[in-house]
Amino acid sequence: MRKVCAILGVGPGNGLSFANRFAKVGYDVALCARTLDRVTDMASAIGDTARGYAVDVTDNSSVREGFDAIAQGQGPVDTLIYNAGNARWGNVDSIKADELLPGFDVNVAGLIRAVQAVLPAMRSAGQGNVIVVGAGAALRGRPDTLGFAAAKAAQRSICQSLARQLGPEGIHVALLILDGVIDIPSTMQRMADKPREFFLSADGIADAAFALTQQNRQAWTFELDLRPFCERW
C-alpha cells in the first residue's frame with residue numbers, strides 16, 4: 001500500500017509544493033482546504049495519486065469527516081503536514097482581546113484536532129510523521145504581530161509537548177519555522193522591488209519537510225540552521 005501524506009491548508013505556495021514533493025517520491029497526497037474548488041484543480045494537475053478534500057480545521061465535524069474520507073479514499077495517513085494558519089494583525093492599541101481567539105483556534109486547536117484525527121492509525125502502524133509549519137514570530141513578538149506571534153508561540157509549545165509524548169511511540173513530530181516571504185508569483189509581483197534572494201523557496205521548504213520525515217527517529221534533538229530553519233525536539 002502506498003503511503004498517504006495529508007496536507008492541511010493548501011494554497012499556491014507551500015501547500016502545493018508539499019503536495020508535489022511527496023507525490024514525486026511515491027506518496028498519495030490529500031490536499032485539504034476550506035474550499036474544495038481550490039484544491040480540486042491542484043490535485044488534478046498533480047495526477048491520479050492526488051485528491052482534494054474540504055476540511056475546515058476550526059470545525060470538529062469537518063476535520064473528522066475529512067480524515068474519514070481520506071482514509072476511505074486513499075488509506076491511513078502516514079504523514080500529516082499542518083500548514084493552516086491565521087491570526088489578527090495589530091498592536092495592543094488596535095486589537096480587541098476576543099480577536100485573538102480565531103488565531104488560536106486555527107494554529108493551536110486546529111492542530112490538535114488534526115493530530116487527534118490521524119493518531120489512531122499512526123499508533124496502529126507504530127509510526128508516522130507530523131510536520132507543522134510555524135513562523136519566526138513564534139520566537140519573537142513585535143507590536144503589530146501581537147496576535148500572530150502569540151498563536152505561533154503557543155503552536156510551538158504544542159509541538160514540543162507532542163514530540164515528547166509521541167516520539168517514544170515512533171511518531172515523529174517536527175516544526176518548520178519559516179522566517180520570511182514565500183516565493184508565490186503573485187506575492188513576488190506585488191513586491192517587485194525585492195531581489196529574488198529576498199524570498200523563501202516553497203520548493204526548498206518542501207524538500208526540508210520531506211527530509212524531516214526521513215530522520216532517524218532515535219535522534220531526539222535536531223536543528224537545521226537554514227532560512228527557513230527547522231526545529232525538532
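Just the heavy atoms: all of them, side chains too, but no hydrogens, waters or symmetry mates, feed the values below. Computed from a predicted structure; not experimentally measured.
The backbone N or O of Thr58 lies less than 3.5 Å from no partner atom in the side chain of Ser62, so there is not a single donor-acceptor pair. Checked by atom type and distance alone, the side chain of His172 pairs as donor or acceptor with a backbone atom of Leu212 at under 3.5 Å.
Within a 6.0 Å radius of CG in Asp48, no more than 12 heavy atoms belonging to other residues, nucleotides or ligands are found. For Arg88, the CZ atom sits in a packed shell: over 12 heavy atoms of surrounding residues, nucleotides or ligands are nearer than 6.0 Å.
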Pair Asp105-Arg113, side chain to side chain contact (heavy atoms under 4.5 Å, CB included): steps then yes or no: CA-CA 10 Å; Asp105 200 9; Arg113 293 183 185 102; 2.9 Å; yes
Determine whether Ser61 and Arg64 satisfy the following criterion, side chain to side chain donor-acceptor pair (under 3.5 Å), listing intermediate values before the conclusion. CA-CA 5 Å; Ser61 296; Arg64 182 175 61 253; 3.3 Å; yes
Please walk me through it: do Thr79 and Asn129 pass side chain to side chain donor-acceptor pair (under 3.5 Å)? CA-CA 5 Å; Thr79 296; Asn129 299 286; 3.2 Å; yes
One pair to check against side chain to side chain contact (heavy atoms under 4.5 Å, CB included): Leu119 and Ile171. What are the steps and the verdict? CA-CA 9 Å; Leu119 202 49; Ile171 299 169; 3.6 Å; yes
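Side-chain contact between Val133 and Leu178: present, with at least one pair of heavy atoms (C-beta onward) separated by less than 4.5 Å. You'll find the side chain of Ile177 reaches within 4.5 Å of the side chain of Arg156, heavy atoms only. No side-chain heavy atom of Asp78 sits under 4.5 Å from any side-chain heavy atom of Cys5. The closest side-chain heavy-atom distance from Tyr82 to Ile7 is not below 4.5 Å.
Under the 4.0 Å criterion applied to side-chain N and carboxylate O atoms, Arg2 and Asp28 are assigned as salt-bridge partners.
Taking Ala150 as the reference, Phe104 meet the side-chain contact (heavy atoms from CB on, under 4.5 Å) condition, with sequence neighbours excluded.
Note that CG of Asn91 is 4.0 Å distant from OG of Ser94, once rounded to the nearest 0.5 Å. Distance check: Thr145 OG1 to Arg140 CZ gives 8.0 Å after rounding to the nearest 0.5 Å. With rounding to the nearest 0.5 Å, the separation of CD in Glu169 from CZ in Arg123 is 4.0 Å. Here the straight-line distance linking atom CD of Glu99 with atom CG of Leu146 works out to 11.0 Å at 0.5 Å rounding. Interatomic distance, Thr35 OG1 to Asp56 CG, rounded to the nearest 0.5 Å: 9.5 Å. The distance from atom OH of Tyr53 to atom CD1 of Ile70, rounded to the nearest 0.5 Å, is 5.5 Å.
Put simply, Trp89 and Leu139 are part of two different groups of oily side chains (I, L, V, M, F, W, Y) that touch within less than 4.5 Å, one to the next. The cluster map of Ile, Leu, Val, Met, Phe, Trp and Tyr, joined by side-chain heavy atoms under 4.5 Å apart, puts Phe67 and Ile112 in the same cluster. Hydrophobic cluster membership differs between Phe148 and Val106, with clusters built from Ile, Leu, Val, Met, Phe, Trp and Tyr side chains linked at under 4.5 angstrom.
In terms of heavy-atom proximity, Ala151 sits nearest to Asn107 at CB-ND2, 3.7 Å. Between Ala135 and Lys152, the shortest heavy-atom contact is CB-CG, 4.0 Å. Taking every heavy atom of both residues into account, Val29 and Ala19 meet most closely at CG1-O, 3.6 Å.
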Please tabulate, for the side chains in residues 37-46, all donor-acceptor contacts under 3.5 angstrom to protein atoms that are two or more places apart in sequence or on a different chain.
from: Thr40; atom 1: OG1; to: Leu36; atom 2: O; distance (Å): 2.9
from: Ser44; atom 1: OG; to: Thr40; atom 2: O; distance (Å): 3.0

